[in-house]
Amino acid sequence: MKAPFMPTADLIVTNARILTMDDARPTAEAIALSGETILALGATPEILALAGPATRIIDAQGRTVLPGFFESHVHLGLGGAELAHLHIDHLHGAEAVAQAFRAFAASHPDRPLLMAQGADYGMLGHPISRHDLDAMIADRPIAMMSHDHHTVWANTAALQATGLMRGAPMPHGHEVVLDESGLATGELREFEAFGPIIALGGEARINLGIATGEEPATPPTAEERAADKAMLLAGMRHCAKHGVTSLVNMDGNRYTLELLSEMQAEGRLLLRVKVPFHFKPHMDLSALDRASDMMRDFDSAWISSGFVKMFMDGVVDSRTAHMLNDYIDAPGHRSEPLFAPETFNAIATEIDRRGLQIAVHAIGDGAVRTTIDGIEAARAANGARDARHRIEHIELIDPTDIPRLGALGITASLQPPHPPGAMDFPLEPTLSRIGRARWPDAYLWKTLATKGGAQIAYSSDWPVTDVSVLRGIHAGVTRTPFEGGSDERLSLMETLRAYTAGGAWAAHRDHVTGRLRPGLAADLVMLGGDIETCAPEAIPDLGIALTVCGGRILWEDLAGTQ
Ligand SMILES: [Zn+2]
């Protein structure tokens with residue numbers, strides 16, 4: 001019997017294996033959506049009673065239905081832009097890379113820069129220099145980005161076109177690497193160093209949110225805004241194809257939020273997006289006024305801000321991750337935190353005092369400790385609140401710091417595709433840099449959740465890795481331990497939670513999405529089969545049958561799956 005006050009469903013999915021991530025009703029067989037929200041969950045006959053003449057009914061035939069995937073750490077603008085770049089992820093050796101570049105050059109005769117993505121530090125078998133790239137293409141600017149997005153290698157033409165041949169003054173942690181004669185080797189470390197290369201490719205504005213955290217110097221024209229929105233839209237389409245309905249963008253500025261708002265007005269905002277204020281080491285505490293303004297001005301179910309992103313260090317492969325001990329292959333070198341501890345304590349305390357959330361990239365165990373110390377200082381100064389501060393990556397942690405995560409309510413924002421060997425990243429040079437003795441403390445997941453008591457949010461860090469959540473789940477449940485290390489896999493259900501409800505909670509979005517429950521957003525993904533009964537090896541190929549965000553179908557491949 002249909003209750004008289006019940007609205008009619010717009011979309012009903014029946015005969016599904018629905019994993020709601022809602023403890024009040026963990027599973028259901030059918031779900032009804034009405035407008036932008038979930039109307040009801042229950043048994044198939046009960047839900048079918050909510051159908052009207054215009055209701056679309058989809059028989060799931062036993063497939064898994066989950067809350068739309070919540071991507072807890074992505075770079076939407078960069079990812080959207082990079083869809084148009086050359087991708088060299090699986091290539092090895094100079095000849096293969098050269099061939100790919102030459103074919104790309106031939107098909108893109110007008111591009112001011114030929115940019116490749118997915119280079120790995122060891123792909124040429126020796127430290128990469130501009131001469132390697134000159135041998136591939138010398139007469140046009142070319143460059144390639146490391147998969148971790150912390151290093152770019154450019155050829156001589158690109159270095160000349162950007163004025164970097166003799167180096168450039170750089171903030172701490174960023175470097176145009178020079179040889180003994182004072183000329184650029186072609187290796188550019190961190191964003192400020194390779195920013196001019198990105199700008200040469202016409203992507204300076206969309207990269208501002210990660211490069212400097214500042215706004216465009218002059219207001220972008222309508223044409224420029226349209227170009228930037230096209231990249232965001234391409235990025236959202238790509239994510240939706242993989243079942244993602246919410247994004248926590250890990251870089252940004254007010255301009256990003258304005259573009260998203262324009263897209264919403266134009267009916268082209270496909271996904272829910274959260275955008276941070278990016279606080280850089282050179283900034284004064286008063287810069288946080290801008291973060292508070294962004295939090296106040298953008299606070300809807302679709303577009304929100306309310307958090308501050310910082311980098312505490314770089315990455316292991318380039319030895320810019322800040323360690324508590326010397327790198328075993330570089331005695332005397334531990335790298336330094338990008339914020340001095342006392343400075344960071346003051347910044348963290350001010351962010352927390354303003355009711356903003358802290359999200360810090362910390363990879364080395366030294367950076368992780370400095371970050372935890374800052375969050376602890378904030379709590380000591382301001383008192384405990386439901387802050388849900390978070391640390392991004394945590395690739396290495398000192399065992400004594402593990403229980404501090406849970407004690408301080410810190411979320412571990414982790415990436416199942418990141419550990420070397422887990423998905424696309426090679427074992428070397430990362431494992432050698434970390435050193436065998438520390439492998440048991442590297443890339444912990446289960447230990448952080450159990451011994452550490454930390455909340456876990458999973459993500460891809462796209463475009464650093466493939467945004468495919470199915471591939472991420474597979475990496476998460478099949479990873480093998482490093483020698484001497486423990487089994488760090490979460491169970492399948494815990495993994496799914498970290499990609500849905502866990503992420504929504506960690507982003508303060510759990511009142512909007514992340515679980516399937518009446519009244520929450522109509523955000524769901526239907527997989528191509530039953531993920532609980534299929535072999536783990538088959539998970540990446542399950543496919544996505546349906547992605548719905550706010551009641552709108554963004555991706556549909558019912559025939560092509562199962
Ligand atoms: Zn990132």
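Remember, it's 1-based here, ligands and their atoms both numbered in the order they're listed. When a residue number appears, it is its place in the shown sequence, counting from 1. This structure is a prediction, so every number in the text was calculated from the model and none was measured.
- Side-chain contact check for Ser246 versus Leu271: every heavy-atom pair is 4.5 Å or farther apart.
- By the 6.0 Å contact criterion, CZ on Arg237 is open, its count of non-hydrogen atoms from other residues, nucleotides or ligands being 12 or less.
- Each protein N, O or S atom less than 2.8 Å from the Zn ion (ligand 1) was counted, giving 3.
- Within the 4.5 Å cutoff, the side chain of Phe277 has no heavy atoms near those of the Asn253 side chain.
- Glu336 and His322 form no side-chain donor-acceptor contact under 3.5 Å, judged by distance and modelled atom types alone.
- We find that Asp523 and Arg272 are joined by a salt bridge, their nearest charged nitrogen and carboxylate oxygen being less than 4.0 Å apart.
- In summary, the side chains of Tyr255 and Glu215 do not present any donor paired with an acceptor at a separation below 3.5 Å, with no hydrogens or angles considered.
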